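Remember, predicted model here, so these are calculated numbers, not experimental data. Residue numbering restarts at 1 for every chain, and letters A, B, ... go by the order of the sequence lines.
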2 protein chains.
Amino acid sequence: MFRLSKGAEYAIRGVLHLSLQPRGRVAYIDEIATAQGVPRAYLAKIFQYLSKKGFLKSTRGAGGGFVLDRDPGEITLLDVIEAMEGPIHLNDCLIHKDFCERVDTCPVHDVWREAQERFLESLSSCTFEKLAESPKLKKATKTKKKK
Amino acid sequence: MFRLSKGAEYAIRGVLHLSLQPRGRVAYIDEIATAQGVPRAYLAKIFQYLSKKGFLKSTRGAGGGFVLDRDPGEITLLDVIEAMEGPIHLNDCLIHKDFCERVDTCPVHDVWREAQERFLESLSSCTFEKLAESPKLKKATKTKKKK
DNA sequence: ATATTTAAGACCTTTTTAGTCCTCTTTATA
DNA sequence: TATAAAGAGGACTAAAAAGGTCTTAAATAT
């Protein structure tokens with residue numbers, strides 16, 4: 001199955017939300033979960049995990065919450081996805097060099113290798129800085145203001 | 001998780017095996033399973049399924065087995081994968097147009113759409129005719145003959 | 001007849017996904 | 001210093017998907 005897990009999807013939404021905050025502003029789970037349409041408890045667990053991985057910094061207690069611990073320009077979609085799901089291997093035979101005993105005789109191997117390269121490129125060339133600058137987000141804000 | 005299922009992997013090996021047979025030669029499960037390193041009973045189920053889907057034609061009884069029911073040049077990797085796993089959607093939000101209520105405000109959506117296009121292109125541009133012509137396979141045959 | 005082959009479907013185990021829930025700790029502030 | 005507001009940590013669960021096996025039946029060549 002080639003599908004992004006919910007966990008990674010939610011992680012992306014969360015990191016994007018933080019990328020959109022004014023520099024230094026602390027956001028807390030409840031706010032983010034509501035804004036991004038993510039189950040609160042699940043997001044809490046995800047953020048806890050992303051903190052350990054060095055994407056976020058948390059502060060406990062009243063007024064606490066999360067901030068990005070890296071520049072949004074230095075975080076790619078691929079980073080967040082692989083943090084949540086582990087390294088991407090489109091086919092088991094791409095896990096290790098020499099893992100697949102068929103590598104020398106299997107013509108499909110090369111197709112996978114190239115497909116994977118292209119796929120990773122798609123995801124790694126997209127930073128959260130870039131995402132945060134999307135005109136779509138500005139449009140959304142405008143719409144809200146009109147209301 | 002972005003990973004090819006075993007079922008699809010085995011299906012690919014099976015179809016490739018059939019693509020390599022002399023035109024009209026019937027191959028049977030036991031032979032293919034052994035040659036391709038696939039659990040026999042599982043491959044039987046997979047082939048049964050691929051027959052229903054119109055990729056293979058089966059004949060029962062002694063001397064029976066499977067042949068391709070399409071030209072290898074007309075079957076792509078994507079065809080076989082989607083037959084086994086269903087249509088590929090890298091993200092749930094790509095399932096239907098207008099499925100994702102965030103489509104107008106979510107900047108990630110477009111990244112997924114493009115990544116998916118490129119990915120499908122990688123898989124659909126590879127036919128079994130092309131795979132069967134790979135020099136790798138000829139090398140493998142040579143090696144065997146030497147033995 | 002019998003041996004060989006697929007067809008069909010019931011059944012099973014393990015892994016992954018997608019969460020929830022409860023208790024504990026930290027911290028600002030009234 | 002009591003209290004409310006936050007995250008930390010871990011146990012737990014339900015549902016779905018993955019990856020099979022097994023048994024019985026039907027077809028067919030010899």
Return the value, rounded to whole Å, for the distance between atom [atom1] of [X] and atom [atom2] of [N].
{"X": "A/M1", "N": "C/dT17", "atom1": "CE", "atom2": "C1'", "answer": "12 Å"}
{"X": "B/E9", "N": "D/dA17", "atom1": "CD", "atom2": "C1'", "answer": "18 Å"}
{"X": "B/L43", "N": "D/dC22", "atom1": "CG", "atom2": "C1'", "answer": "17 Å"}
{"X": "A/F66", "N": "D/dA5", "atom1": "CZ", "atom2": "P", "answer": "18 Å"}
{"X": "A/E85", "N": "D/dA17", "atom1": "CD", "atom2": "P", "answer": "16 Å"}

Among the candidates [options], find the nucleotide nearest to the side-chain atoms of [X].
{"X": "B/R60", "options": "C/dT20, C/dT17, D/dA26", "answer": "D/dA26"}
{"X": "B/Y42", "options": "C/dT16, C/dA18, D/dG19", "answer": "D/dG19"}
{"X": "A/A62", "options": "C/dT27, C/dA3, D/dG20", "answer": "C/dT27"}
{"X": "B/S5", "options": "D/dG7, C/dT6, D/dG19", "answer": "D/dG19"}

Short question: side chain of A/E121, backbone of A/Q116 - any donor-acceptor pair under 3.5 Å?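 Looks like no, no N/O pair under 3.5 Å.
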
Looking at A/R13 and A/Q36, would you say the former's side chain and the latter's main chain have a donor-acceptor pair under 3.5 Å? yes

In residues 16-32 of chain A, which residues come under 4.0 Å of DNA chain C by heavy atom?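 Nothing qualifies; none.
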
Quick check on contacts: within residues 45-58 of chain B, what sits under 4.0 Å from DNA chain C by heavy-atom distance?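 Contacting residues: B/Q48, B/K52, B/S58.
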
Checking side-chain contact (heavy atoms from CB on, under 4.5 Å) for the pair B/C126/B/L131: CA distance, chi angles, key distance, verdict? CA-CA 7 Å; B/C126 180; B/L131 289 172; 3.6 Å; yes

Check against side-chain contact (heavy atoms from CB on, under 4.5 Å), B/L50 and B/M84: CA-CA 8 Å; B/L50 289 177; B/M84 295 301 299; 4.0 Å; yes

Salt bridge present between [X] and [Y] (N-O < 4.0 angstrom):
{"X": "A/E74", "Y": "A/K130", "value": "no"}
{"X": "B/R70", "Y": "B/E129", "value": "no"}
{"X": "B/D104", "Y": "A/K136", "value": "no"}

Please state whether the phosphate of D/dG19, meaning OP1 or OP2, lies under 4.0 angstrom from any side-chain nitrogen or oxygen of B/R3. yes

Is the phosphate of C/dG19, meaning OP1 or OP2, less than 4.0 Å from a side-chain N or O of A/Y10? yes

Verify the ring-centre separation between A/F66 and A/Y28: is it less than 6.0 angstrom? no

Do the rings of B/F119 and A/W112 sit parallel, tilted or perpendicular, given the 30° and 60° boundaries?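 Ring orientation, 0 to 90° scale: tilted.
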
If you pin A/K6 and A/T59 to their nearest nucleotides in DNA chain C, which one's is more 5'?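 Nearest nucleotide further toward 5': that of A/K6.
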
By the 4.0 Å heavy-atom rule, please label A/G64 as base, sugar-phosphate, or nothing.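 Sugar-phosphate: the residue A/G64, judged by heavy atoms under 4.0 Å, touches backbone atoms but no base.
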
